[in-house]
Number of protein chains: 2
Amino acid sequence: MSQKMDPLALENQVCFAMYSATNALIRAYRPLLDQLSLTYPQYLVMMVLWKESGISVKTLGEKLHLDSGTLTPLLKRLETKALVIRDRNKDDERVRVLHLTEAGKALHQQAKGIPELMRCKVGGDAEQLRQLKQLCENALMNLKD
Amino acid sequence: MSQKMDPLALENQVCFAMYSATNALIRAYRPLLDQLSLTYPQYLVMMVLWKESGISVKTLGEKLHLDSGTLTPLLKRLETKALVIRDRNKDDERVRVLHLTEAGKALHQQAKGIPELMRCKVGGDAEQLRQLKQLCENALMNLKD
DNA sequence: ACATATTTAATTGCGCACAAGTTAATATCC
DNA sequence: GGATATTAACTTGTGCGCAATTAAATATGT
């Protein structure tokens with residue numbers, strides 16, 4: 001049977017292509033994020049909080065598609081770096097309310113240049129990037145069903 | 001400034017879309033791969049070895065874009081499961097030569113149904129999947145440059 | 001009101017990814 | 001041949017992802 005038709009060949013795996021490209025992308029972010037002392041998942045958390053401070057771990061997890069098993073230790077590390085405060089909701093002691101410190105807010109300025117630098121590294125025109133993003137979002141939606 | 005134009009908004013991140021979709025995909029593989037007692041990266045290694053046994057860790061790493069820091073412990077786990085033999089090249093004692101056991105080869109049959117089952121979960125027509133794969137491969141190539 | 005169920009986060013344990021450094025074998029240069 | 005450089009794999013340490021479990025606070029039903 002030819003390679004072209006074998007569903008179990010590496011060349012025919014959509015997921016492997018996405019997996020490899022995502023790993024490479026996160027690797028490419030590293031030298032930029034190192035300057036902010038952030039990992040890529042930490043950068044995602046900061047992006048959410050720059051837009052909307054005071055949300056819960058649950059809300060953050062829904063936005064990022066991550067659970068508390070991932071987020072709790074990550075948020076503790078951001079707290080250790082004095083970027084985030086892990087407060088508690090006074091009306092419901094179960095929920096953590098996440099706030100940025102002044103240092104956390106200030107980091108937004110330093111991050112401003114990152115998207116443009118990354119666009120250069122990934123290459124492709126705006127239309128291709130829009131398509132890639134859309135196809136990934138469709139796949140995610142189908143998998144969440 | 002509107003969300004649409006803010007490069008630091010989550011909705012405008014190609015990488016986040018890829019990252020979330022890849023995580024979801026690997027999560028969707030899990031119930032299928034559990035039946036073979038494989039993780040997704042282990043499944044990738046097995047796919048390579050089903051095609052071409054007797055390769056080195058270095059060659060395997062080039063195909064999967066992974067280094068020995070990832071592969072060495074993973075291969076040891078596959079050896080513990082008696083799916084892989086970690087031999088040595090007689091002419092160059094530095095290189096590990098990877099072989100499948102009979103059980104490792106036999107697993108190929110059990111894996112045959114997985115690609116079709118996954119295609120259903122991801123959804124999208126053949127053309128969209130081809131495009132998604134191609135766009136990821138382009139991005140990976142640019143990032144490797 | 002009290003028992004039961006649900007919800008939110010935290011915890012535990014495992015397996016990646018990967019940077020950085022180590023070890024051992026082979027290749028290269030003089 | 002012997003010193004030096006290179007190569008292949010291994011090791012160590014950190015930070016995810018995530019399944020599964022636990023703990024504590026709140027909600028619900030009667």
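Note on naming: letters A, B, ... go to the chains in the order of the sequence lines (proteins, then strands), and numbering restarts at 1 for each one.
Along DNA chain D, the nucleotide nearest A:Lys81 and the nucleotide nearest A:Asp91 are compared for position; the residue whose nucleotide lies closer to the 5' end is A:Lys81. Between A:Thr70 and A:Asp92, it is A:Thr70 whose nearest contact on DNA chain D lies nearer the 5' terminus. Place A:Val97 and B:Asp67 on DNA chain C by their nearest nucleotides, and A:Val97 ends up nearer the 5' end.
At whole-Å resolution of the value, CG in A:Leu64 and C1' in D:dG15 are 16 Å apart. The distance between atom CG of B:Leu66 and atom C1' of C:dG15, rounded to the nearest whole Å, is 13 Å. In this structure, A:Arg86 places its CZ atom 17 Å from P of C:dT8, rounding to the nearest Å. If you measure from atom OH of B:Tyr40 to atom C1' of D:dC18, you get 17 Å, rounded to the nearest angstrom. In this entry the distance linking CZ of B:Arg96 with P of C:dT26 reads 14 Å, nearest Å. One atom, OH of A:Tyr43, and another, C1' of D:dC16, lie 18 Å apart when rounded to the nearest Å. Rounded to an integer number of Å, the gap from B:Asn89 CG to D:dT7 P is 17 Å. One atom, CG of A:Leu75, and another, P of C:dA9, lie 10 Å apart when rounded to the nearest Å.
Within residues 17-33 of chain A, the residues having any heavy atom under 4.0 Å from DNA chain C are, by residue number, A:Tyr19, A:Asn23, A:Arg27, A:Arg30.
A sub-4.0 Å separation between OP1 or OP2 of C:dC16 and a side-chain N or O of B:Thr39 is present. For the OP1/OP2 pair of C:dT6 and a distance below 4.0 Å, the side-chain nitrogens and oxygens of A:Arg94 include no atom meeting the criterion. Considering only side-chain N and O atoms, A:Thr72 lies under 4.0 angstrom from the phosphate OP1 or OP2 of C:dA10. Taking 4.0 angstrom as the limit, A:Ser56 places a side-chain polar atom (N or O) nearer than this to OP1 or OP2 of C:dA9. Applying the 4.0 Å criterion to OP1 and OP2 of D:dC16, one finds that A:Arg77 has a side-chain N or O inside that range. For the OP1/OP2 pair of D:dG15 and a distance below 4.0 Å, the side-chain nitrogens and oxygens of A:Lys76 include no atom meeting the criterion. Of the side-chain N and O atoms in B:Arg88, none sit less than 4.0 angstrom from OP1 or OP2 of D:dA8.
Residue contacts for A:Leu74: at a heavy-atom cut-off of 4.0 Å it reaches the sugar-phosphate backbone alone, with no base atom in range.
Ion pairing between a basic and an acidic side chain is recognised when a charged N comes within 4.0 Å of a carboxylate O; A:Glu79 and A:Lys76 show no such pairing.
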>> Under the criterion side-chain contact (heavy atoms from CB on, under 4.5 Å), I'd like the reasoning laid out for A:Met46 against A:Leu78: C-alpha separation, chi angles, the key distance, then a yes or no.
In response: CA-CA 9 Å; A:Met46 293 303 289; A:Leu78 288 179; 4.2 Å; yes
>> Determine whether B:Val122 and A:Val14 satisfy the following criterion, side-chain contact (heavy atoms from CB on, under 4.5 Å), listing intermediate values before the conclusion.
In response: CA-CA 10 Å; B:Val122 199; A:Val14 178; over 6 Å; no
>> Working note: B:Leu100 + B:Val84, criterion side-chain contact (heavy atoms from CB on, under 4.5 Å); need CA distance, chi angles, decisive distance, verdict.
In response: CA-CA 5 Å; B:Leu100 289 177; B:Val84 162; 4.1 Å; yes
> Passes side-chain contact (heavy atoms from CB on, under 4.5 Å), A:Leu49 versus A:Leu83? Steps please.
Replying inline: CA-CA 10 Å; A:Leu49 295 180; A:Leu83 298 174; over 6 Å; no
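Considering CD of B:Gln42 and CZ of B:Arg77, their distance stands at 6.5 Å, rounded to 0.5 Å.
Below the 3.5 angstrom threshold, one finds a donor paired with an acceptor across the side chain of A:Ser68 and the base of C:dA10.
Between B:His65 and A:Phe16, the ring-plane angle classifies as parallel under the 30° and 60° cut-offs.
When every heavy atom of B:Gln35 is checked against every heavy atom of B:Gln110, the shortest pair comes out as O-NE2, 4.0 Å.
Nearest to the side chain of A:Gln42, among D:dC16, D:dA19, C:dA25, sits D:dC16.
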